[in-house]
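Atoms within a ligand are numbered from 1 in the order they appear, just like the ligands themselves. Residues: numbered from 1 along the sequence shown.
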Amino acid sequence: MKYLILTFFSALFIQFSVAQNTPTLVPYKTEKKVLDGFMDKRFGMFIHWGPVSLRGTEIGWSRTSVIPKAEYDELYHDFNPALFDADVWVKTAKQAGMKYITITAKHHDGFCLWPTKFTSYNIMNTPFKKDVVGALAKACNKYGIKLCIYYTVLDWYDTRYPIRVSDSKPETTGNMVEFVQFMKNQLNELVTNYHPYMLWFDGNWESPWTKDMGADIYNYLKKLDKNVIINNRLGKGTHKVMTNETIGDYATPEQEVGEINMNYPWESCITICNQWAWKPNDKMKSLNECIQKLVSTAAGNGNLLFNVGPMMDGRMELRQVNRLKQMGAWLNNYGEAIYGTKGGPYRPNSAYAATRKGDKIYIHIFNADHHQISLPNIPNLKVLSAHFVKGANLAFDQNSTNINIQLPNQLPDENCSVIELKMNGNTEMIPLIEFQKK
Ligand code: H79
């Protein structure tokens, strides 16, 4: 009993001293097991959408640079995506093998896709008048997909935020104290109404935003929901990796596959075409490129958040939906080598990539112009068997320097074939190894 009382008081003291002395310290951190669950998902859908789809120009960025500001800010009066069906979007994500969806509830242009009480610049004041975030939350729940919410910290529309367009100087009429309170009010709505699995912040590079504001928001959110996952764009500095300036749970390389990293979680966000928001006839990535992005990300121990920009009528482009279904078909065959795996032990390159789970190593082949793969040997572990996932056994031999696997003339999958190597022990702690040059 004496010991219990002592523990209670020392715990109280630690909490108190943290709160008193280090205002920017984040006392709550998302638990590792929650983040591990997130990283097991490996593949999610990013959706960039808003009234700007009426023009087909870039969300946020085209305001002023392409479309005059006054005109951009009036587009919402004509936003009426009559064919929007949250079930169709969520089913498309599911068919693609995606496990979560991240919707731009508010992008840099300040428009809100949910019926917020804190600004009239929202979906209820369009002719459409339907809660897009709410409809997605409901559909995600129905189909077992996690809903995540993108909310940028900059807002070129709201006058409390001091900057009006990307490179302008802060105006003295702005008020960041009021703006941060407005953010908290909106985030409170989003968290309590829709219970997002994760929040995706952005726009933290502009000068009005500080690391302390990020820490304040992080703590605020963690008190609302200790399990909500938060990306690393709440602090300052680079997004690509985690640094001392970072506030948040995981790194967010943008439009590139992140470097292999076994130390902390990360997610690459990459567009299926070039633009984040819908653009007519935007150049779309080939199936081969799409699969390679997904596999290289998983092989680097990261997630892929793959972006689609739906059209002004509420539908996603058919050619993009078909591409996503092709990715889903590939995952139907090879998903065991992606979901719930770790990257490595070989560092991915343009020809090969590797993932691992328990006593298995999966070798993903993008490009093999020899009839044999020669991998550097893994000391202290023996290869027990080799076969294509969902396919034939393969002849192999292992010596002190190499594991050699014989390949047939034709590989089973034209985009990426996968070999399963069963080892005589756990593979997850093997340190990183370079593939040999082909
Ligand atoms: O929401 C997506 C982007 O709008 C947002 N982050 C992702 C997730 C983002 N905000 N800023 N940036 C990305 C970096 C800015 C890149 C730019 Fe450009 C280069 C802005 C102006 C030149 C991209 C390319 C936009 C216009 C041209």
Side-chain angles (χ1 to χ4, degrees), residues 43-53 55-69 72 75 93 98 100-113 132-133 136 147-158 161 163-168 183 190 196 198-209 214 229-241 246-258 265-280 282-283 285 293 297 302-310 316 320:
F43 192 26
M45 175 183 273
F46 216 167
I47 303 178
H48 276 67
W49 199 45
V52 71
S53 60
R55 289 303 181 85
T57 59
E58 188 58 296
I59 192 165
W61 289 100
S62 65
R63 181 179 178 272
T64 307
S65 66
V66 185
I67 305 174
K69 195 163 67 177
Y72 189 110
L75 286 173
M98 292 157 158
Y100 58 104
I101 290 180
T102 306
I103 177 75
T104 52
K106 181 166 106 161
H107 202 267
H108 310 337
D109 61 17
F111 182 77
C112 300
L113 282 176
V132 170
V133 179
L136 280 171
L147 178 77
C148 310
I149 293 180
Y150 171 105
Y151 182 98
T152 184
V153 306
L154 68 77
D155 187 332
W156 295 324
Y157 181 89
D158 194 288
Y161 185 78
I163 289 181
R164 300 276 66 81
V165 290
S166 66
D167 52 1
S168 60
M183 280 181 69
L190 290 169
M198 181 263 279
L199 289 165
W200 215 105
F201 288 98
D202 202 3
N204 56 337
W205 51 83
E206 288 195 331
S207 60
W209 190 253
I229 299 164
I230 297 174
N231 77 340
N232 75 334
R233 299 194 179 196
L234 261 187
K236 297 297 279 185
T238 182
H239 308 134
K240 201 170 163 172
V241 292
T246 296
I247 306 271
D249 300 322
Y250 69 92
T252 51
E254 179 166 328
Q255 292 292 34
E256 63 179 335
V257 173
W266 62 271
E267 174 200 63
S268 274
C269 53
I270 296 180
T271 48
I272 191 166
C273 293
N274 286 326
Q275 201 167 271
W276 291 97
W278 177 71
K279 178 182 173 181
D282 202 0
K283 188 173 185 311
K285 291 182 176 65
K293 297 275 184 231
T297 305
N303 284 10
L304 177 65
L305 185 61
F306 206 45
N307 180 74
V308 180
M316 290 176 180
Q320 297 181 20

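- Put simply, the side chain of Lys236 gets close to the backbone of Trp209: a donor and an acceptor are under 3.5 Å apart.
- With His48 as reference, Trp276 is the one residue of Phe111, Phe306, Trp200, Trp276 to meet the ring pair (Phe, Tyr, Trp, His ring centres under 6.0 Å) rule.
- Near ligand 1, heavy-atom contacts under 4.0 Å come from Phe46, His48, Trp61, His107, His108, Tyr150, Trp200, Asp202, Trp205, Glu254, Trp276.
- Side-chain N/O atoms of Trp61 and Gln275 include no donor and acceptor closer than 3.5 Å.
- Nearest approach of Asp282 to Asn274, heavy atoms of both residues: OD2-N, 3.1 Å.
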Could you go step by step and tell me if Thr271 and Lys285 meet the side chain to side chain contact (heavy atoms under 4.5 Å, CB included) rule?
CA-CA 9 Å; Thr271 48; Lys285 291 182 176 65; 3.8 Å; yes
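- Arg233 is linked by a salt bridge (charged side-chain N to carboxylate O under 4.0 Å, His left out) to Asp202, Glu254, counting only residues two or more places apart in sequence or in another chain.
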